[in-house]
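One structure is given below, encoded as structure tokens.
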Amino acid sequence: MNERIMVADDDSNITDVCRRYLEREGYSVVTAKDGMEAIELWRSYTPDLIVLDLMMPHKNGWEICNEIRQSEDVPIVMLTARGEEQDRLMGLTMGADDYLTKPFSPRELVLRVKAILRRMRTVQVSPATHSSHTIRYEGLTIDFVKREVEIDGRLIDLTVTEFEMLYLLASHPGQVFSRSQMLSKIWDFSYEGDTTTVTVHIRRLREKIEQNASDPRYIKTVWGIGYKFAGGTS
């Protein structure tokens with residue numbers, strides 16, 4: 001497996017437990033005890049996934065997430081305090097792919113990590129598995145193999161989760177997906193989080209691909225149900 005994971009939390013008990021459980025699954029793990037160390041390790045260690053606590057000394061999780069998202073789309077799982085919904089929403093808005101609320105089960109963390117990294121590895125899936133691995137609509141091109149999205153010839157940076165959501169919708173034009181269905185399909189296991197996660201990711205996705213996010217051309221809201229893709233083919 002050999003995928004590299006960085007766990008950043010100022011609670012050594014949490015980092016120790018996370019390290020043990022993740023290493024047991026074959027991952028290579030490094031830990032950071034504060035925000036500055038997390039930034040340094042991210043730059044030097046180049047992890048494949050980051051587990052990031054929101055509240056840390058020197059730099060908090062929001063600042064770190066924002067800095068990372070300026071240059072790359074490495075998956076980020078945020079750790080938040082129980083009941084702090086605003087913290088979770090802000091973390092997702094800034095580009096986190098998923099979140100866990102404390103206290104959490106380390107087995108649950110392993111499941112989340114596995115699901116995200118499994119989605120990343122789908123880039124290696126043969127084209128035969130995805131007969132329509134390149135999807136084209138007017139002004140929009142989605143290349144599944146390269147995991148690239150272009151709007152009017154301009155390359156758009158998407159996180160792993162944003163790409164998967166767009167590909168799911170665009171590969172089933174006109175089909176309505178409920179938020180619960182999208183959680184199940186994108187997160188790839190029984191997900192007990194609230195559907196606000198989907199809403200926030202859809203909002204971020206629209207801001208990146210739509211000319212007017214408040215009047216979207218491609219991703220339409222089906223009120224009371226979920227979302228569908230409505231782009232016209234080229």
Side-chain angles (χ1 to χ4, degrees), residues 3 48-49 68-77 92-98 112-189 191 193 195-234:
E3 284 146 319
D48 297 298
L49 183 144
I68 290 172
R69 283 291 174 258
Q70 300 302 313
S71 59
E72 69 168 311
D73 61 356
V74 57
I76 296 174
V77 178
L92 292 170
T93 299
M94 296 186 77
D97 294 88
D98 203 351
R112 303 288 180 96
V113 167
K114 282 184 174 181
I116 293 174
L117 292 176
R118 185 161 53 242
R119 297 205 306 270
M120 289 183 66
R121 289 194 295 269
T122 58
V123 67
Q124 301 170 358
V125 174
S126 67
T129 306
H130 287 263
S131 57
S132 301
H133 54 280
T134 299
I135 300 173
R136 291 182 176 88
Y137 292 92
E138 186 175 351
L140 172 66
T141 301
I142 306 166
D143 189 319
F144 177 84
V145 174
K146 293 182 179 179
R147 299 186 79 79
E148 291 181 348
V149 174
E150 291 184 2
I151 298 290
D152 297 324
R154 178 173 54 92
L155 206 60
I156 304 297
D157 289 328
L158 299 181
T159 66
V160 173
T161 303
E162 290 164 355
F163 181 90
E164 291 294 330
M165 295 182 86
L166 178 59
Y167 191 86
L168 172 66
L169 292 168
S171 59
H172 299 84
Q175 180 175 338
V176 179
F177 288 92
S178 70
R179 293 172 179 82
S180 295
Q181 284 177 316
M182 294 186 74
L183 280 172
S184 175
K185 290 179 178 294
I186 300 299
W187 273 256
D188 199 25
F189 61 94
Y191 187 90
T195 57
T196 304
T197 303
V198 172
T199 305
V200 175
H201 278 97
I202 288 290
R203 185 169 69 225
R204 281 181 51 83
L205 183 56
R206 281 173 169 163
E207 289 172 353
K208 293 183 178 183
I209 70 168
E210 303 282 4
Q211 186 173 2
N212 182 355
S214 61
D215 184 21
R217 172 185 182 183
Y218 299 111
I219 301 176
K220 300 288 188 179
T221 299
V222 181
W223 295 107
I225 303 176
Y227 305 96
K228 69 177 181 180
F229 192 87
T233 55
S234 59

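Residue indices begin at 1 and follow the sequence shown.
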- request: Under the side chain to side chain contact (heavy atoms under 4.5 Å, CB included) rule, collect the residues that match up with Q211, sequence neighbours excluded.
  value: none

Residues forming a side chain to side chain contact (heavy atoms under 4.5 Å, CB included) with E72, sequence neighbours excluded: W42, I68, V74

[X] to [Y] - nearest heavy-atom pair and separation:
X    : Y    : answer
P75  : D97  : CA-OD1, 3.1 Å
T221 : R206 : OG1-NH2, 2.7 Å
E210 : P216 : OE2-CB, 3.4 Å
I151 : I209 : CD1-O, 3.7 Å
M182 : M165 : CE-CE, 3.6 Å
L169 : Y227 : CD2-O, 3.9 Å

Out of curiosity, [X] [atom1] to [Y] [atom2], how far, rounded to the nearest 0.5 Å?
X    : Y    : atom1 : atom2 : answer
I202 : K220 : CD1   : NZ    : 13.5 Å
T134 : E148 : OG1   : CD    : 10.0 Å
D98  : I186 : CG    : CD1   : 12.0 Å
H172 : I135 : NE2   : CD1   : 9.0 Å
L205 : T161 : CG    : OG1   : 11.0 Å
I156 : L158 : CD1   : CG    : 7.0 Å

Are the side chains of [X] and [Y] in touch, meaning some heavy atoms are under 4.5 Å apart?
X    : Y    : result
V160 : R147 : yes
S171 : F144 : no
I142 : F163 : yes

Taking only residues two or more places apart in sequence or in another chain, which ones pass side-chain hydrogen bond (donor to acceptor under 3.5 Å, both in side chains) with [X]?
X    : answer
S214 : N212
T199 : R179
K208 : E162

- prompt: Using 30° and 60° as the class limits, which term best fits the ring planes of Y218 and F229: parallel, tilted or perpendicular?
  reply: parallel

query: Does the pair L140 and R217 meet the rule for a side chain to side chain contact (heavy atoms under 4.5 Å, CB included), with working shown?
result: CA-CA 11 Å; L140 172 66; R217 172 185 182 183; over 6 Å; no

query: salt bridge (Lys or Arg N to Asp or Glu O under 4.0 Å): which pairs involve residues 149-159, sequence neighbours left out?
result: none

message: Holding to salt bridge (charged side-chain N to carboxylate O under 4.0 Å, His left out), I want the full list of residues that pass it with R203, two or more places apart in sequence or in another chain.
response: none

message: For K228, is the NZ atom crowded, meaning more than 12 foreign heavy atoms sit under 6.0 Å from it?
response: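 Result for NZ/K228: open.
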
